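The chains referred to below are lettered A, B, ... by the order of the sequence lines, with proteins before strands, and numbering in each begins at 1. Given the structure is predicted, the values throughout are model-derived calculations rather than measurements.
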Amino acid sequence: MAKSNERAITPQSEDFSAWYNELVLRAELADRGPVRGTMVMRPYGYRIWELLQGELDARIKATGHENAYFPLFIPESHLTREAEHVEGFAPELAVVTHAGGHELEEPIVVRPTSETIIGEMFAKWISSYRDLPLLINQWANVVRWELRPRLFLRTTEFLWQEGHTAHADEADAQRETMVATGFYEEVSREIAALPVVIGDKTASERFAGAKRTVSLETLVRDGRAIQSATSHYLGTNFAKAFEINYTSAEGVETLCHTTSWGMSTRMVGAVIMTHGDDKGLILPPRLAPHQVVIVPIGRDSELEAVLIRANGLAEALKELGVRVRIDDRTTLSPGFKFNEWELRGVPLRIELGPRDLAAGVATIANRLSGEKEQLSIEDVAAEIPGRLDAFQSALYARALSFREEHTMSVDSREAFDAAVAVGFASALHCGERSCEEEIKESTGATTRCIPFEAPRETGSCVACGKPEHYGQRILFARAY
RNA sequence: CGGGUUGUAGCGCAGCUUGGUUAGCGCGCAGCGUUCGGGACGCUGAGGUCGCGGGUUCGAAUCCCGCCAACCCGACCA
């Protein structure tokens, strides 16, 4: 038993960070790169990203957006055109000063995000109201020199999707930010099985250069929040800086209203931290590289017979659209494989051995419930898709009840401090930056969002006692 | 960038206090054999710039100085 403890990962309750790091490495999701803060996404982790990407990309296209690609390098002077934007990003920029063996006349910035370069191009492409709206998305890597990296959640270089759109007026642009919010919510809930709270960011948490930022917040198992996607209404800030304007139907030269919105590989980290347990990862079926793993048991002629049935089963499952893998590695014991696939989060495992064949059944083990059941080998394939759906729903329901249990509506400072130590605190707030700052310094918690779905409420600020500002409760938590 | 911890084989560690032959152990890896229903076992074997640089010494993984890196906790952030 001591031996098996050594092989297990650190329990969440003992050290959540250690649990997370060990899991990411041992499940072969990712590895660290040689430059501080960089990450190698290994095939298993990258496949999860690809599945997420596929789901999101389909929704982006279905809402009229087109993919394009813009350069990694941005002239430094472009970035400085929007004052708040530069100020926000300056500390985390990677800047190329030498290239081709010489010092460059003008330094080149490695994009931390692409508002500026895309703004520049939009200005060239848009001249008439007939060119609007312009709905563009790109899948790209970006670089932000993070001081405290963490695999998936905060890496120096990360992969994401960034949507950039230009509109004739504010109403249309605001509508666009909600379209993006809509598909992020759908992908979070239906694909990643993550319940999200959607709302506006307070002024202090807003994107550099945005007039309005909408975010999707999830709560992970150590009681911290993760912003899993954001959607920004940029007003005419970037349009002014880059002269993105059009001639209206009335012949008037008019500034565009632009938006941007993004979801990154951080989402994978949110999935790991929301669903994982002490045995390892638990993947929602719709993001699982292998939804079902078949572990054949037996040896010699028994194994041969088992493998024939296993192959037949795998073929039947593939025809039903199930991602299935047979683990036919011969040097590992079944017990080892059980533990390994549990570590790697495979939703359903089918154990198939001589005893099953003799009884005409297959044994199905459920990663979430830990239960095993036996199904007739004739019916098992047909049963799997429904069980995967049920797994997906159960995982979402579990995450939702966790969040509900860790969201406290609080009216006193004492209750507030206790709430943010374990999850979301829902409280009235005065809206003043200095008050947010004081809360952050004393508790580590920041405002997460002003939720859309919240009853109107008035009263006094939970921290300073002044009249509240938002006309409703807002959400606070410690965040990644 | 501050505070803390740690750098010895792919991974996890011992050895360092009190300097002294070929630097050990577990896991993993390779070969062979036996195994195979919850992390199998035996035998054999490969694998090391002891983080880097300097110093003290007849002799440094061990003592001294400097540097670097990683991780954790903060400040910054998707």
Side-chain angles (χ1 to χ4, degrees), chain A residues 1-10 15-18 20-22 25-26 31-37 88-93 112-113 141-162 184 201 204-208 213 215-218 225-232 260-270 279-280 295-300 302-303 306 329-343 349 351-359 361-363 365 370 372 374 437 440-444 446 478-480:
Chain A
M1 238 25 238
K3 225 177 210 177
S4 77
N5 284 340
E6 279 168 31
R7 293 181 191 194
I9 55 177
T10 302
D15 184 342
F16 195 82
S17 289
Y20 179 78
N21 286 328
E22 287 170 26
L25 297 173
R26 297 227 347 229
D31 213 336
R32 290 182 224 284
V35 172
R36 177 187 163 80
F89 281 105
E92 39 187 338
L93 291 181
T113 179
N141 58 338
V142 287
V143 169
R144 299 181 188 178
W145 217 257
E146 297 293 348
L147 297 175
R148 204 177 140 194
R150 201 181 189 95
L151 292 168
F152 288 109
L153 295 179
R154 206 183 306 100
T155 49
T156 294
E157 176 190 6
F158 60 90
L159 304 185
W160 75 348
Q161 148 285 121
E162 49 180 325
Y184 288 143
K201 282 295 194 186
S204 64
E205 295 282 322
R206 216 172 273 152
F207 175 76
T213 290
S215 81
L216 289 85
E217 301 285 331
T218 74
I226 294 182
Q227 175 179 308
S228 54
T230 46
S231 180
H232 315 289
S260 66
W261 27 274
M263 193 189 86
S264 73
T265 37
R266 162 176 277 193
M267 187 76 169
V268 177
K279 287 168 135 185
V295 178
I297 299 160
R299 57 191 177 112
D300 304 329
E302 279 180 343
L303 182 60
V306 165
R329 291 175 294 176
T330 54
T331 56
L332 300 170
S333 70
F336 183 93
K337 293 177 183 176
F338 297 168
N339 283 302
E340 186 178 75
W341 291 117
E342 282 167 5
L343 174 72
R349 179 178 70 241
E351 304 171 11
L352 204 59
R355 296 210 300 256
D356 296 293
L357 292 200
V361 300
T363 301
K372 289 190 187 185
Q374 299 197 316
E437 200 52 42
K440 188 175 186 176
E441 273 171 32
S442 57
T443 65
T446 51
R478 291 172 305 138
Y480 278 105

Please work out if [X] contacts a base, only the sugar-phosphate, or nothing of the nucleic acid, heavy-atom cut-off 4.0 Å.
X       : answer
T363(A) : base
K372(A) : base
G262(A) : nothing
T213(A) : nothing
S17(A)  : sugar-phosphate
D356(A) : base

Candidate pair S17(A) and R150(A), rule side chain to side chain donor-acceptor pair (under 3.5 Å), full reasoning: CA-CA 9 Å; S17(A) 289; R150(A) 201 181 189 95; 2.7 Å; yes
Nearest-0.5 Å distance, [atom1] of residue [X] to [atom2] of residue [Y]:
X       : Y       : atom1 : atom2 : answer
S228(A) : R266(A) : OG    : CZ    : 9.0 Å
T265(A) : W160(A) : OG1   : CH2   : 10.5 Å
N21(A)  : D15(A)  : CG    : CG    : 8.5 Å

Residues R206(A), H232(A); criterion side chain to side chain contact (heavy atoms under 4.5 Å, CB included); working and verdict: CA-CA 9 Å; R206(A) 216 172 273 152; H232(A) 315 289; over 6 Å; no
Interatomic distance at [atom1], [N] relative to [M], whole Å:
N      : M      : atom1 : result
G51(B) : U62(B) : P     : 8 Å
G53(B) : G31(B) : P     : 36 Å
C73(B) : A14(B) : C1'   : 28 Å
C1(B)  : C67(B) : P     : 13 Å
A75(B) : G2(B)  : P     : 16 Å
G20(B) : G26(B) : P     : 23 Å
G24(B) : C16(B) : P     : 15 Å
G19(B) : C27(B) : C1'   : 31 Å

4.5 Å side-chain heavy-atom contact, D31(A) and L25(A): yes
Student check: side-chain heavy atoms of Q374(A) and D356(A) closer than 4.5 Å: yes
RNA chain B base-pair string [pairs: Watson-Crick or G-U under 3.5 Å; |: paired with another strand]: ((((((((.[[[[.)....(...]]]].((((((.....)))))).....[[[[[..)....]]]]])))))))....
Salt-bridge present (E217(A), K201(A); N to O < 4.0 Å): yes
Distance under 6.0 Å and angle within 45° of ring axis: R154(A) vs Y480(A): no
Polar side chain donor-acceptor pair, E22(A) to T10(A), under 3.5 angstrom: yes
Base G38(B) paired with R349(A) side chain (donor-acceptor, <3.5 Å): yes
Presence of donor-acceptor pair under 3.5 Å, side chain of K279(A) and base of G38(B): no
To the nearest Å, how far apart are [X] [atom1] and [N] [atom2]?
X       : N      : atom1 : atom2 : answer
N21(A)  : U6(B)  : CG    : C1'   : 14 Å
F336(A) : C27(B) : CZ    : P     : 13 Å
M267(A) : A78(B) : CE    : P     : 16 Å
Q374(A) : G37(B) : CD    : P     : 16 Å
R32(A)  : C11(B) : CZ    : C1'   : 13 Å
D15(A)  : C71(B) : CG    : P     : 14 Å
W261(A) : A78(B) : CH2   : C1'   : 15 Å
I9(A)   : C11(B) : CD1   : P     : 18 Å

Working for side chain to side chain contact (heavy atoms under 4.5 Å, CB included), residues L357(A) and V306(A): CA-CA 7 Å; L357(A) 292 200; V306(A) 165; 3.9 Å; yes
Full working for side chain to side chain contact (heavy atoms under 4.5 Å, CB included) between F158(A) and N141(A): CA-CA 5 Å; F158(A) 60 90; N141(A) 58 338; over 6 Å; no
Whether Y184(A) and W261(A) hold their rings parallel, tilted or perpendicular, with breakpoints at 30° and 60°: perpendicular
Given A78(B), C71(B), G37(B), the nucleotide with the shortest approach to the side chain of Q227(A): A78(B)
Per R150(A) side chain, nearest of listed nucleotides C73(B), A78(B), G38(B): C73(B)
Annotated protein contacts, base or backbone, on nucleotides 31-36 of chain B with a non-hydrogen cut-off under 4.0 Å, one of B, S, - each: ----SB
Between protein and nucleotides 75-77 of chain B, what N or O pairs are separated by less than 3.5 Å?
| from | atom 1 | to | atom 2 | distance (Å) |
| --- | --- | --- | --- | --- |
| C76(B) | OP1 | K440(A) | NZ | 3.0 |
| C76(B) | OP2 | K440(A) | NZ | 2.6 |
| C77(B) | O2' | E146(A) | OE2 | 3.2 |
| C77(B) | O2 | R154(A) | NE | 3.0 |
| C77(B) | N3 | R154(A) | NE | 3.2 |

Of W160(A) and N339(A), the one whose closest RNA chain B nucleotide lies more 5': N339(A)
Residue pair E162(A), V142(A): steps toward the side chain to side chain contact (heavy atoms under 4.5 Å, CB included) verdict: CA-CA 10 Å; E162(A) 49 180 325; V142(A) 287; 4.2 Å; yes
